[in-house]
There are 2 protein chains.
Amino acid sequence: MSVTREKILELAEELILTKGYNGFSYQDISTVMGIKNAAVHYYFPSKENLGTSILKTNIQRFEEMVENMQNRNFDEHQQVESFMKIYLKSNRENKICLIGSLGTDINTLSEPMRAELQKMVGRIVNWLEAALEAGRSKGLFSFQPSARDQALHILSALVAGLQLARILNKSDFKNIHQAIWEEITPHANKQL
Amino acid sequence: MSVTREKILELAEELILTKGYNGFSYQDISTVMGIKNAAVHYYFPSKENLGTSILKTNIQRFEEMVENMQNRNFDEHQQVESFMKIYLKSNRENKICLIGSLGTDINTLSEPMRAELQKMVGRIVNWLEAALEAGRSKGLFSFQPSARDQALHILSALVAGLQLARILNKSDFKNIHQAIWEEITPHANKQL
DNA sequence: TTGATTTTACTTATTAGTAAGTATATTTGT
DNA sequence: ACAAATATACTTACTAATAAGTAAAATCAA
């Protein structure tokens, strides 16, 4: 794979996470990289193509992460913790996540991009649901709603947590993160 | 106040909630209203001015709602329930909320608009925190974290709940909404 | 030399924004 | 009461900048 292509993907993703999909242009990419806007079009003929590629890359990255965790015999507690750590990193870097960013712009996206976004979110929710369910049956987690509802609830808190932290105070995210974790962790005093 | 001005404000807000701040133009407003783009500039010289006006309107609307609830002697349970119902309505209308929408675009907003957004979110969080705290001391709510963390957690879940529901399935929001409510409601079986 | 990569030099469309003009009310001075 | 002045609510007709996108020529690397 071309190094230029990889860099464009990386930069475009960062721009989506910092300025939003409709808030960046090919010019933003080309000037930062020191190339011409037409060079970006060479690798990604259209913005839709670029956006879809970013989503495909992220789906692949997510599935590799899950596979890797399973290969290393991570239990569900460790898996969910690892997943949530991605969001802590995003918060440190003042970024939001693709779900929150593209969720805002969804009605302005082309159908293929929308489909890819749905695919990505679908896989994340399904994985989280399964991890929560399995973790609960092993006594690693404790929560009342269905695993799917709890997965949606956790993902929501993470996604908007980043957005709120960027509006209010970066450090607020740590508390949100902590609250999620305590919500599903079986503590001694939780039963009191 | 001018009827045209009011309509522009209303339409622009809807556009922010459906297409995002950087996803709509003065043309979108003027064509729908059957006026010229310059007429929109007559009322709101710049897009920043329009955006800031929308936020100011929303702050006022929120404070009127709180005042109204207090005048009607709503208890904290009823107050928080009313607030959460606003999000159910947004979900029915396939809209997200201003916090989620502008949270995505925050780095592309002018400083005055960013300040207004912070003001709005700050007031909502402060009110929610106070309502949760007071409600808990009356036994209307039950939760472990600090009232502020719980407020941030609830607001996060609502904000991103709308975004997730728009990506996945409209009906998913009802479950997220339900889960928040059950999280803070003192149920008999919660103590088991 | 051949193919991959990149630039040059565009086009077309859209953006926010403005300057100047117009019709219709509304106010004001006499 | 009546005309002159002024304010309101726009339209017409632009600009300057930027957007995504393209065709063709030049460069580079094997």
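Naming: A, B, ... by sequence-line order, numbering from 1 per chain. Just so you know, these numbers come straight off a predicted model, no measurement behind them.
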If we ignore angles and hydrogens, is there a donor and acceptor under 3.5 Å between the side chains of T18(A) and N94(A)? no

Output the rounded distance in Å from OH (Y26(A)) to P (dT18(D)). 19 Å

Could you tell me if N126(B) and R148(B) have a donor-acceptor pair between their side chains, going purely by distance under 3.5 Å? yes

Base, sugar-phosphate or nothing for F24(B)? Non-hydrogen atoms, less than 4.0 Å. sugar-phosphate

M33(B) CE - dA9(D) P separation (whole Å): 12 Å

Can you measure Q27(A) atom CD to dG21(D) atom P for me and round it to whole angstrom units? 13 Å

Would you say K47(B) reaches dG17(C)'s phosphate, i.e. side-chain N/O to OP1/OP2 under 4.0 Å? no

T4(A) vs dT6(C): side-chain N/O to OP1/OP2 distance below 4.0 Å: yes

When the distance from CZ of F44(A) to C1' of dT6(C) is rounded to whole Å, what number comes out? 15 Å

Side-chain donor-acceptor pair present, E183(A), Q150(A), cut-off under 3.5 Å: yes

Nearest whole Å is fine: how far is dG21(D) P from I29(A) CD1? 11 Å

Do the charged groups of E10(A) and K7(A) touch, with an N to O distance under 4.0 Å? no

Starting from C1' on dC28(D), measure out to CD1 on I35(A) and report it in whole angstrom. 16 Å

So, is Y42(A) close to the dT5(C) phosphate, meaning a side-chain N or O under 4.0 Å from OP1 or OP2? yes

Taking 4.0 Å as the cut-off, does a side-chain nitrogen or oxygen of S25(B) come that near to OP1 or OP2 on dT15(C)? yes

It should be established whether Y43(B) places a side-chain nitrogen or oxygen under 4.0 Å from OP1 or OP2 of nucleotide dT8(D). no

Figure out the CG/P separation between L50(A) and dA19(D), and round it to whole Å. 14 Å

Integer-rounded Å distance: dA19(D) P and Y21(A) OH: 14 Å

Need to verify one output field. Residue with the more 5' nearest nucleotide on DNA chain D, N37(B) or G34(B)? G34(B)

With a 3.5 Å cut-off and no angle check, do the side chains of S101(A) and Y21(A) form a donor-acceptor pair? no

